[in-house]
There are 2 protein chains.
Amino acid sequence: MNIASKKPSVQDRRSRDMRAKICNATVACLDQLGYAETTFAKVQAKAGISRGAITHHFPTKQALVAATAMRLLDNAQTPIWNRGRPPPPVYELIMSSWANIVNSSGGRAIVEILVACRTDTALFGLLEQSLRDWDRSNLDLISGQYVSVTGSREDTDLLWSIARNFLRGLLLHEKFVSSPEYLTQMMDRFARMMESQLQVLPETQIQIEDAE
Amino acid sequence: MNIASKKPSVQDRRSRDMRAKICNATVACLDQLGYAETTFAKVQAKAGISRGAITHHFPTKQALVAATAMRLLDNAQTPIWNRGRPPPPVYELIMSSWANIVNSSGGRAIVEILVACRTDTALFGLLEQSLRDWDRSNLDLISGQYVSVTGSREDTDLLWSIARNFLRGLLLHEKFVSSPEYLTQMMDRFARMMESQLQVLPETQIQIEDAE
DNA sequence: CTTTACAGACCGACTGTTCTGTTTTTATGA
DNA sequence: TCATAAAAACAGAACAGTCGGTCTGTAAAG
């Protein structure tokens, strides 16, 4: 509430580093082992730390995964064109979102978490609001740079929502696709279909921000 | 190989009924509890049978889930218009696929299984070929009734593949959608977009089959 | 001297699997 | 047709291993 983050004390820093190390190991476990097999023991081994370190920072498995999810969402929040450059064409944005965000270790971990949320009520309770908020702000960030053929902002939102869900669904199907080329063709076909409905806002006013 | 299925003996029938009861309970567990929490104990309780009955028919958890998946796929193979009626318009097919197939207990169970396959190599090995085959034959079944604006069969396949992946992805997002209406709007928008790319084959020749 | 950050032992509950009985069905052979 | 052995369909106990969570101990920071 106040003018927070006054002193980055030694303990604060140690804590923060340890939490980062734990969450990174958790992402790797979620990606490689899935939510169920992501246990305290596995995370501990992967991070090369002790059991107590984990339980000290994250009392329950749900707390650990929820914290990991928040961290992943923060990373995924910043879009690809954040360097002050103009937003990429629709086709390029969709292609790079797949390669760099959805089909990455973090993206696969997020999907594991989303699936777990469906049946793990404790985890769902911890993440519901955050995920809704992220959804909203991420949509604002992207939809602000594109416009649909209908010209309506709601339609732009809908189209990007559709894109996100398609990419996530593709992740489930990836291991069963008939050939790698077919996956590329699906991506291409979808991106071209979206391209016919969306385009970069012409009069884009680039917001200059102090980087870092 | 031969003129199989000569005698549906008493044991065969008992076996078949028991397997059906077990798999139905497994579907319910997968839907309500997720793959990880779908244990022998839970399935046993849900089906109201003994522990031995399950392990007799399905030696491992992966075998149980794989058999359940096959059963679900068989049910989902028959499309919605199978009563000799002509295929529905693209919009209606997409809408009813969501409501009756993807977002059903069986559809949710399938998604749980697909996610599990990503990290459970034993399960993946049991299901890989079957899932590929189902994918192919299901695509043949549907794509045979529709034609894309490009006129190419490959494009029709791609478009229906896209639809399937979108619907599955939507399942992951469902609990975090801002409002039920928004989900309806996404469905509507996607279906209209597909409608602009696909239509029912005009010269559909209906195959007459002796029904049951 | 208090609090925090970690280390690691400990615990009951539950997991998937194996195992041994018991009942029911089937095959056999006279 | 009917006794009987073999096989299949179940029932349920037993087991070693792992799970998430708790608990005490120790060193460093405040």
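Quantities reported herein were computed from a predicted structural model and do not represent experimental measurements. Order of the sequence lines fixes the chain letters, A, B, ..., with proteins taken first and strands second; residue numbering starts at 1 for each chain.
Among the heavy atoms of the strands lying under 4.0 Å from B:T55 is at least one base atom, whether or not backbone atoms are also near.
A donor-acceptor contact closer than 3.5 angstrom links the side chains of B:Q197 and A:R189.
Per the geometry, CD1 belonging to B:I54 stands 12 Å off C1' belonging to C:dG16, to the nearest Å. In this structure, the CZ atom of B:F58 is 13 Å from the P atom of C:dT17, given to the nearest Å. When rounded to the nearest whole Å, the span between CG of B:D12 and C1' of C:dT26 equals 11 Å. Counting to the nearest Å, the C1' atom of C:dT4 and the NE2 atom of A:H57 are 9 Å from each other.
When DNA chain D is scanned 5' to 3' for any atom under 4.0 Å from a heavy atom of chain B, the first and last hits are D:dA8 to D:dG12.
Scanning for side-chain contact (heavy atoms from CB on, under 4.5 Å) contacts around B:S97 gives B:I80, B:L93, B:L167, with sequence neighbours left out. Under the ring pair (Phe, Tyr, Trp, His ring centres under 6.0 Å) criterion, A:Y35 pairs with no residue at all, not counting sequence neighbours. Taking B:D188 as the reference, B:Y91, B:M95, B:R192 meet the side-chain contact (heavy atoms from CB on, under 4.5 Å) condition, with sequence neighbours excluded.
Annotation: the span from B:L30 atom CG to B:K42 atom NZ amounts to 11.5 Å, rounded to 0.5 Å. Here CZ of A:R19 is found 11.5 Å from OG1 of A:T68. Values are rounded to the nearest 0.5 Å. A distance of 7.0 Å separates CD1 in B:I142 from CZ in B:R164, rounded to the nearest 0.5 Å.
The aromatic rings of A:W160 and A:Y146 sit perpendicular to each other, their planes meeting at more than 60°, with 30° as the lower class boundary.
Atom NZ of B:K21 has 12 or fewer neighbouring heavy atoms from other residues, nucleotides or ligands inside a 6.0 Å radius.
Proximity of a side-chain donor or acceptor of B:N138 to a complementary backbone N or O of B:W134 within less than 3.5 Å is not detected.
Residues B:R16 and B:D12 are not paired through a salt bridge, judged by the lack of any N-O separation under 4.0 Å between the basic side chain and the carboxylate.
Residues from residues 13-25 of chain A placing a heavy atom under 4.0 Å of any atom in DNA chain C, listed by number, are A:R14, A:S15, A:M18. Contacts between residues 34-53 of chain A and DNA chain C, defined by a heavy-atom separation under 4.0 Å, are made by A:S50, A:R51, A:G52, A:A53.
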